Number of protein chains: 2
Amino acid sequence: MSDVPVPPWRTTPKSGQARKPLSQDVILRAALRILAEEGLEGVSMRRVAQELHTGPASLYAHFANKDELLEMMFDHVLGEVRVPEEGEGDWTAKLKAIAWEVRRVLISHGDIAQVGLAVVPLGPNGLRLSEAMLGVLREAGIPDQQVAWAADRLSLYITADAFEVSYEARRGRGSPEEIAAYYAGVIQYFRSLPPDRFPHTTALVGPLGQGDDETRFEFGLDLFIRGLSTYIPADGGTS
Amino acid sequence: MSDVPVPPWRTTPKSGQARKPLSQDVILRAALRILAEEGLEGVSMRRVAQELHTGPASLYAHFANKDELLEMMFDHVLGEVRVPEEGEGDWTAKLKAIAWEVRRVLISHGDIAQVGLAVVPLGPNGLRLSEAMLGVLREAGIPDQQVAWAADRLSLYITADAFEVSYEARRGRGSPEEIAAYYAGVIQYFRSLPPDRFPHTTALVGPLGQGDDETRFEFGLDLFIRGLSTYIPADGGTS
DNA sequence: ACCTGAACACCGTTCAAGT
DNA sequence: ACCTGAACACCGTTCAAGT
């Protein structure tokens, strides 16, 4: 069979590899492509393999299992986060900038935030972000123990918010009108509750319906920073 | 075939129903039993059906789909949460009591918290808890808009923390020694990082390793309350 | 109205066999 | 060392048929 001449209509020479060879990198890229187009639920080992014109078993030469693939996808996504340079405003501005930037990047990659809640993000980019947060908090003059715990809690808050928002977006499947209609329905439901059993819920129907996702995120971030400020000693942050 | 006498060795009479009839309640109970014993990943429509000695299709006469079953399971779990009575300490003590109680109940039911992150918990028990939080916050003298948003953010924080902790417990699969060993490994890894690229992470190895899950939850809760306190007007909370 | 068996279109992972 | 087909043990949901 090998001595038959290659027919002229065969465009890919038989000796060269027909498909680009598999590697962590090409698998990761394919998986991120599917994440962008179909969300996290579309990212299955079989779907990724199909995207690369091979079978699912082939992926296991490059990743121990699906969780390892997801962890590497998450860290890859965090690579897009831009951390503020030295001297771009005071510590609260810098901390907010990091928080908003992480949230934006996570939400822009479907519901990948779910992975960040399930694993401790210790990849190179996770560490880079953690390092940046610790730096900003220390610079603020917050004591070391509070710095360490605050970075932990802030990461949790950002990731949880991003997951909630991205999941909600996937659920509503698109148009902002549908999401708005859903929330209008919830508020209408609150209004219909018996005021004797739900005096506060019914009294606060107005405020409960106020504010979009971004306003709520900012409010929580602000609470967090107000709380942290109380840990700064009188002479702190100006050294 | 129907005129053949019932043989004496048949213990269940053919005319009475062989199994207890299906209903939302018995399905819910079976699902919660599986959740307790095998975690959320064990709760599949097929597994629940098997528990009830029937096929998965039978469940669809009582629940529209799996998500509806999960939502009802979540609200059922929230039913175990005990809300503080009037006059059990000041508002911070009451708010903390609710937060700790919700966290405890969620964690005691495997990784059910994941469901709470994905859906807006609007079942009867979700509403009862939301109402309780709103009441405590209003009593504190916090303005209505901040009350509404604070309840939203606090729910997110509690649920996210419960999910993280319960997931971690499922991952470590049991013994506290294994979990401790994992964290010791992480700290060892931090220690091994290059100090020029990670000056803060390496400098804070001590503080980063301090504190168990409960200490961290309490720290975040405290930050939240410190932040909220700044919204109480000078004459507020004592009316 | 409620329940069922069977089918459809999927999963993650393993393993022996190939190159 | 890397890749593969086939298999194992699962999924959620639908649908026509039964009672």
Side-chain angles (χ1 to χ4, degrees), chain A residues 1-2 12-28 30-31 34-35 37-73 111 114-115 118-119 167 170-171 173, chain B residues 1-3 6 12-28 30-31 34-35 37-73 111 114-115 118-119 167 170-171 173:
Chain A
M1 306 226 176
S2 58
T12 353
K14 220 182 174 209
S15 54
Q17 62 269 32
R19 324 260 174 228
K20 72 180 81 152
L22 290 179
S23 68
Q24 284 213 136
D25 201 62
V26 303
I27 295 169
L28 217 45
I34 295 165
L35 172 67
E37 280 157 28
E38 304 167 33
L40 198 59
E41 97 182 332
V43 180
S44 69
M45 296 302 265
R46 299 179 105 100
R47 179 72 188 78
V48 173
Q50 187 197 64
E51 187 81 2
L52 298 167
H53 306 100
T54 183
S58 303
L59 307 182
Y60 288 85
H62 303 272
F63 293 94
N65 49 42
K66 190 184 175 184
D67 279 351
E68 192 174 290
L69 172 60
L70 291 176
E71 269 184 60
M72 292 193 66
M73 287 171 72
D111 41 353
Q114 187 170 17
V115 177
V119 308
Y167 195 88
R170 223 175 52 70
R171 172 203 188 82
R173 292 264 198 256
Chain B
M1 306 224 179
S2 58
D3 53 346
V6 175
T12 353
K14 225 190 166 199
S15 54
Q17 62 268 35
R19 324 261 174 226
K20 71 178 84 151
L22 290 180
S23 69
Q24 283 213 134
D25 201 60
V26 303
I27 295 170
L28 217 44
I34 296 166
L35 173 66
E37 280 156 28
E38 303 167 33
L40 197 60
E41 97 182 332
V43 181
S44 68
M45 296 302 264
R46 300 178 105 99
R47 179 71 188 76
V48 173
Q50 187 197 65
E51 187 81 1
L52 297 167
H53 306 101
T54 183
S58 303
L59 307 181
Y60 287 85
H62 303 271
F63 293 93
N65 49 43
K66 190 185 174 184
D67 279 351
E68 192 174 290
L69 172 60
L70 291 176
E71 268 184 60
M72 292 193 66
M73 287 172 72
D111 42 352
Q114 187 171 15
V115 177
V119 308
Y167 195 88
R170 225 174 51 71
R171 172 205 189 82
R173 293 264 197 252

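This is a predicted model, so every value here is computed, not measured. Chain identifiers are assigned alphabetically (A, B, ...) following the order of the sequence lines, protein sequences preceding nucleic acid strands; residue numbering begins at 1 within each chain. All values below were derived from every heavy atom in this structure, side-chain atoms included, with hydrogens, water molecules and symmetry-related copies excluded.
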- Tell which nucleotide pairs with C:dC10, taking only Watson-Crick or G-U wobble pairs whose two distances are both under 3.5 angstrom.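 Result: none.
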
- Could you please name the partner base of D:dC15, counting Watson-Crick and G-U wobble pairs only when both distances are under 3.5 Å?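 The answer is C:dG5, by the H-bond criterion.
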
- First locate atom CD1 of A:Ile34, then atom CD of A:Glu51, and finally report the distance between them rounded to the nearest 0.5 Å.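 Answer rounded to 0.5 Å: 4.5 Å.
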
Closest to the [X] side chain: [options]?
X       : options               : answer
A:Lys66 : C:dC3, D:dT4, C:dG12  : C:dG12
A:Ser44 : D:dC3, C:dG12, D:dC11 : C:dG12
B:Thr54 : D:dC11, D:dT13, C:dT4 : C:dT4

- Query: Do A:Asp67 and A:Val119 have side chains that get closer than 4.5 Å, going by heavy atoms?
  - Reply: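 Result no, sub-4.5 Å side-chain heavy-atom pair not found.
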
- Item | B:Leu69 side chain reached by B:Leu59 side chain, heavy atoms, under 4.5 Å |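 Result no, sub-4.5 Å side-chain heavy-atom pair not found.
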
Gap between atoms [atom1] and [atom2], on [X] and [N] respectively (whole Å):
X       : N      : atom1 : atom2 : result
A:Arg47 : C:dG12 : CZ    : P     : 12 Å
B:Arg46 : C:dA6  : CZ    : P     : 13 Å
B:Phe63 : D:dT13 : CZ    : C1'   : 16 Å
A:His53 : D:dT4  : NE2   : P     : 12 Å
B:Tyr60 : D:dT14 : OH    : P     : 7 Å
B:Leu70 : D:dG12 : CG    : C1'   : 12 Å
B:Glu68 : D:dT13 : CD    : C1'   : 14 Å
B:Gln50 : C:dG5  : CD    : C1'   : 16 Å

- Message: Show the nearest heavy-atom pair for residues B:Arg47 and B:Gly42, with the distance to one decimal.
- Response: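 Looks like CG-O, 3.2 Å.
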
- Task: For A:Val26 and A:Leu52, work out which heavy atoms get closest and say how close.
- Result: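 Smallest interatomic distance, heavy atoms only, reads O-CD2, 4.2 Å.
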
- Item | Residue-phosphate contact under 4.0 Å: B:His62 side-chain N/O, C:dA1 OP1/OP2 |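 No, because none of the side-chain N or O atoms of B:His62 sits under 4.0 Å from OP1 or OP2 of C:dA1.
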
- Does a nitrogen or oxygen in the side chain of A:Ser58 sit under 4.0 Å from OP1 or OP2 of D:dT4?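 Yes, within the criterion.
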
- Message: Here's a test of your reading of the structure: between A:Ala61 and A:Ala57, which maps to the more 5' nucleotide of DNA chain D?
- Response: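 The answer here is A:Ala61.
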
- C1' gap between D:dA9 and C:dC10, integer Å: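 Pairwise C1' distance, D:dA9 against C:dC10, rounds to 14 Å.
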
